[in-house]
There are 2 protein chains.
Amino acid sequence: MTPVQAAACCRPIDDLLDPELFKALSDPTRSRLLGCLVKCGCACTVSDVGECCAVDLSVVSRHLSLLERAGVVQSSKTGRTVHYVVDYARLCRTMRAIADAIEQCCPAEQLPGCARGCCGAR
Amino acid sequence: MTPVQAAACCRPIDDLLDPELFKALSDPTRSRLLGCLVKCGCACTVSDVGECCAVDLSVVSRHLSLLERAGVVQSSKTGRTVHYVVDYARLCRTMRAIADAIEQCCPAEQLPGCARGCCGAR
DNA sequence: TGCGTACTTGCACCATAATGCAAATATACA
DNA sequence: TGTATATTTGCATTATGGTGCAAGTACGCA
């Protein structure tokens with residue numbers, strides 16, 4: 001199969017390789033903010049998360065809302081404070097789905113020893 | 001635990017949330033090129049992969065070498081042609097490791113019903 | 001109602017990165 | 001050795017995106 005033929009062939013990986021999601025995770029500042037939120041485990045205010053980074057609070061606000069648009073975190077407003085929480089379930093599900101979708105395309109000869117004859121990542 | 005405290009606490013997720021990897025996957029053109037390579041399943045030349053996209057061949061060349069630097073694909077040169085292959089095993093392993101690392105940080109109360117009391121993604 | 005706090009938005013600036021074209025490099029083949 | 005092919009690199013252009021500051025909005029509280 002040539003790349004052109006492959007391009008015409010629809011697979012789960014097509015939807016999962018979403019540039020928007022990866023773009024959300026591609027900035028060092030956002031990565032750090034997300035890392036703090038992930039490790040924190042609880043709902044945090046914009047100000048609290050902002051203390052992890054040496055950037056303006058407006059920058060933190062923008063980054064968090066971008067992460068929310070990408071489906072990585074969720075926000076809830078109570079009064080004038082906004083709390084952000086990581087959507088653990090969705091993130092885990094997406095990452096594993098990507099792995100599965102890639103593995104599905106992996107040719108059998110790629111890595112011997114795997115149950116499916118490929119990838120050996122299971 | 002506050003975000004600041006969480007930031008000081010080292011977890012596997014810290015190394016796995018690598019902005020460089022995600023940056024490699026964050027461009028639509030690169031995403032399409034990678035998708036073709038993933039679905040193709042075999043080693044493809046720069047020219048062949050380039051036929052999937054309406055961009056200059058020099059652009060394709062640069063994108064593929066960037067994907068290689070990010071550890072997503074591997075290249076091999078034979079004569080004057082360069083072949084690119086997806087590193088299926090590594091990609092799968094990384095994505096699953098990210099999922100595992102995120103799950104590890106997920107608080108127990110997040111999602112009931114899961115074996116670990118969280119995430120429900122297993 | 002007025003003030004302070006939490007966050008967001010507008011704007012300008014700067015850095016990075018994507019793109020196409022042309023030229024260069026590397027290699028196969030006659 | 002000369003020519004054609006495959007890929008890469010230099011360069012200029014353009015687009016995108018991150019940042020800080022200042023101002024605006026929303027809301028709680030006295």
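Quick note on labels: first sequence line is chain A, next is B, and so on, each numbered from 1.
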- Ignoring hydrogens and angles, tell me if any N or O in the side chain of Asp14(B) forms a donor-acceptor pair with the backbone of Arg11(B) under 3.5 Å. yes
- Listed in order of residue number, which residues of residues 18-32 of chain A have a non-hydrogen atom at under 4.0 Å from DNA chain D? Lys23(A), Asp27(A), Thr29(A), Arg30(A)
- Item | Nucleotide nearest Ser58(A) (side chain, heavy atoms from C-beta), chosen from dA22(D), dT7(D), dT9(D) | dA22(D)
- Item | Matching residue for Cys44(B) among Leu33(B), Val49(B), Thr81(B) - test: side chain to side chain contact (heavy atoms under 4.5 Å, CB included) | Val49(B)
Got a list of protein N/O to nucleotides 24-26 of chain D N/O distances below 3.5 Å?
none

- Under 4.5 Å between side-chain heavy atoms, hopping through other hydrophobics if needed: is there a path connecting Val72(B) to Leu16(B)? yes
- Counterpart residues, side chain to side chain donor-acceptor pair (under 3.5 Å), relative to Ser47(A) (two or more places apart): none
- Once Watson-Crick and G-U wobble pairs under 3.5 Å are found, how is DNA chain C written in dot-bracket notation, 5' to 3', with | for any base paired to another strand? ||||||||||||||||||||||||||||||
- Message: Using OP1 and OP2 only, check whether a side-chain N or O of Ser61(B) sits under 4.0 Å from dT8(D).
- Response: yes
- Note on the structure: Here the residues of residues 48-56 of chain A within 4.0 Å heavy-atom distance, strictly under, of DNA chain D are Ala54(A), Val55(A), Asp56(A)
- How many Å lie between OH on Tyr84(B) and P on dA6(D), as a whole number? 16 Å
- Query: Under 3.5 Å, side chain of Ser31(A) to main-chain N/O of Leu17(B), donor-acceptor pair present?
  - Reply: yes
- Short side-chain to backbone donor-acceptor contact, Gln5(B) and Thr2(B), under 3.5 Å: yes
- Query: So, Asp18(B) and Lys23(B), do they make that salt bridge, N to O below 4.0 Å?
  - Reply: no
- Any idea which of dA6(C), dT9(D), dT7(D) is nearest the Val82(B) side chain? dT7(D)
- Query: Just by modelled atom types, is the Cys52(A) backbone N or O under 3.5 Å from a matching donor or acceptor in the Arg32(A) side chain?
  - Reply: yes
- Message: Can you tell me whether the side chain of Thr81(A) and the base of dC27(D) have a donor-acceptor pair closer than 3.5 Å?
- Response: no
- Determine, stepwise, if the pair Val86(A) / Leu91(A) fulfils side chain to side chain contact (heavy atoms under 4.5 Å, CB included). CA-CA 8 Å; Val86(A) 175; Leu91(A) 249 185; 4.1 Å; yes
- Query: Judged by atom type as modelled, is there a donor-acceptor pair below 3.5 Å linking the side chain of Glu68(B) to the main-chain atoms of Ser75(B)?
  - Reply: yes
- Name the closest nucleotide to the Val59(B) side chain, picking from dT19(C), dT8(C), dT8(D). dT19(C)
- Task: Would you give the length of the straight line joining atom OH of Tyr88(B) to atom SG of Cys106(A), rounded to the nearest 0.5 angstrom?
- Result: 6.0 Å
- Message: salt bridge (charged side-chain N to carboxylate O under 4.0 Å, His left out), that's the test. Do Arg96(A) and Glu103(B) meet it? Break it down for me.
- Response: CA-CA 11 Å; Arg96(A) 293 211 172 94; Glu103(B) 200 168 58; 3.2 Å; yes
- Item | Lys77(A) side chain to Val82(A) backbone, donor-acceptor under 3.5 Å | no
- Message: I need the Asp27(B) CG to Leu34(B) CG distance, nearest 0.5 Å.
- Response: 11.5 Å
- Backbone N/O of Arg90(B) and side chain of Thr94(B): donor-acceptor pair under 3.5 Å: yes
- Query: To the nearest Å, how far apart are His83(A) NE2 and dT5(C) C1'?
  - Reply: 14 Å
- Return the residues of residues 62-70 of chain A meeting this criterion: a heavy atom under 4.0 Å from some atom of DNA chain D. Order them by number, or give none. Arg62(A), His63(A)
- Message: Grouping I, L, V, M, F, W and Y whenever their side-chain heavy atoms are under 4.5 Å apart, do Leu66(A) and Leu25(A) come out in a common cluster?
- Response: no
